[in-house]
Structures are given as C-alpha cells and as structure tokens.
Novice: 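Have a look at this one.
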Amino acid sequence: MRCSAAPVFALEDGRYVRADPLAEALEDKRRMVLLDTRVMSMWQIAHIEGAVPIPYYSGDFEGIAADMPDDGTWIVSYCECPRAAADSVNRKLRAHGFTNTAVLWEGIGGWVAQGYRVAVGQRDAATSLFPE
C-alpha cells in the first residue's frame, strides 16, 4: 500500500512491531507494504487489508525482492505462528539489503484477538503485487 509518509516504528529487538502501532500506521495511510507469509488459502480466508500474499516458502524470492519498493518504504511481514514464517521472510529481505523491515509480533491471530479487522477475498494472478 503506497502513501505519502512512512510510519515511524519503535521496533522491539530490532525487528518486531506491535499490532497497535501497525494499526495506527494503517489508519493514517502511512507508506508501507504488508506481506502475509502464510499459504495462499489462509490469506484468502482472512488477511490484514492491503496485505500481499507472499508465502514464506516462495521459490522466486529474487523476483519478489526485485518488485519491492527500495525507497525507504516499510515492509511488514506477518504469519500465523505468530512469527516463524514472517521472521524467515524478514531475514531474506534484510539479506537483500532492505532495512525498513519488521515482523508483526502478535501475528494475525493476535491481530484478530485484539479486535482489528481483517479482509477476505481472492487475488487476481494477473494483477501486480505492488500497485502504484
């Protein structure tokens, strides 16, 4: 999701963002990309609105990384575990030189338990992962 200003996150252990500041940044339409690192079927059942499905086991991570914005946009990953798959993707992003990356501490289960909304739906394979 592209917008004007990037959020300012105080990360825990240098990589984790809590649900409250993430929700605030989304509400304020801050510039970030959300990655749902679970299997596509879980994304289709429920995901944080605006999240792009990038399963942690995606074989074409080089291509995915090439499509990511490299302009300081925050890239926030989440999963169900609540962090194992998202941590894996976060490590790959950082290995590719991305510095503004974070993992949602609570995972989507914690997100829902705290009362934050989720979206459902399908993704058209012909559409861009990261629309302008």
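All values below come from the heavy atoms of this structure, side chains included, with hydrogens, waters and symmetry mates left out.
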Novice: Mark yes or no: Arg31 above the aromatic ring of Trp74, with NZ or CZ under 6.0 Å from the six-membered ring centre and no more than 45 degrees from the axis.
Specialist: no
Novice: Take the angle between the ring planes of Trp105 and Tyr16 and call it parallel below 30°, perpendicular above 60°, tilted in between.
Specialist: perpendicular
Novice: Search all heavy atoms of Ala84 against all heavy atoms of Cys79 and return the closest pair with its distance.
Specialist: N-SG, 3.8 Å
Novice: Taking all heavy atoms of Phe9 and all of Pro21, pick out the closest pair and write down the distance.
Specialist: CE2-O, 3.7 Å
Novice: Between CG of Asp70 and CG of Asn100, what distance do you get to the nearest 0.5 Å?
Specialist: 11.5 Å
Novice: What closest approach, in Å, do Val118 and Ala46 show between heavy atoms, and which atom pair accounts for it?
Specialist: CG2-CB, 3.8 Å
Novice: Just by distance, do the side chain of Trp43 and the backbone of Ala51 share a donor-acceptor pair under 3.5 Å?
Specialist: yes
Novice: For Thr101, is there any backbone N or O sitting under 3.5 Å from a side-chain donor or acceptor partner on Arg94?
Specialist: yes
Novice: CD1/Ile108 to OG1/Thr37 distance, rounded to the nearest 0.5 angstrom?
Specialist: 10.0 Å
Novice: Look only at the side chain of Asp13 and the backbone of Arg15, and say whether a donor-acceptor pair between them is shorter than 3.5 Å.
Specialist: no
Novice: Looking at every non-hydrogen atom in both residues, tell me the closest pair between Ala23 and Tyr116 and how far apart they are.
Specialist: CB-CE2, 3.3 Å
Novice: Of all heavy-atom pairs between Met32 and Leu22, which one has the smallest distance, and what is that distance?
Specialist: SD-CD1, 3.6 Å
Novice: What is the minimum heavy-atom distance between Ile45 and Val120, and which atoms define it?
Specialist: O-CG1, 2.7 Å
Novice: Nearest 0.5 Å please: distance from the CD1 atom of Ile48 over to the CG atom of Leu35.
Specialist: 11.0 Å
Novice: CD of Glu12 to CZ of Arg18: how many Å apart, nearest 0.5 Å?
Specialist: 4.0 Å
Novice: When you look at OH of Tyr56, are more than 12 heavy atoms from neighbouring residues, nucleotides or ligands closer to it than 6.0 Å?
Specialist: no
Novice: List the steps, then state whether side chain to side chain contact (heavy atoms under 4.5 Å, CB included) holds for Gln114 with Asp20.
Specialist: CA-CA 9 Å; Gln114 291 182 38; Asp20 290 339; 3.5 Å; yes
Novice: Would you call Asp36 and Arg38 a salt bridge, taking side-chain N to carboxylate O under 4.0 Å as the test?
Specialist: yes
Novice: Is the distance between the ring centroids of Tyr78 and Trp111 under 6.0 Å?
Specialist: no
Novice: Go through Asn90 and Ser77 one step at a time and tell me if the side chain to side chain donor-acceptor pair (under 3.5 Å) criterion holds.
Specialist: CA-CA 7 Å; Asn90 195 49; Ser77 305; 5.1 Å; no
Novice: With hydrophobic residues grouped by side-chain heavy-atom distances under 4.5 Å, do Val103 and Phe61 end up in a single group?
Specialist: no
Novice: Answer yes or no: is there a side-chain heavy-atom contact under 4.5 Å between Asp28 and Pro7?
Specialist: no
Novice: Supply the atom-to-atom distance Ile64 CD1 to His96 NE2, rounded to the nearest 0.5 angstrom.
Specialist: 10.0 Å
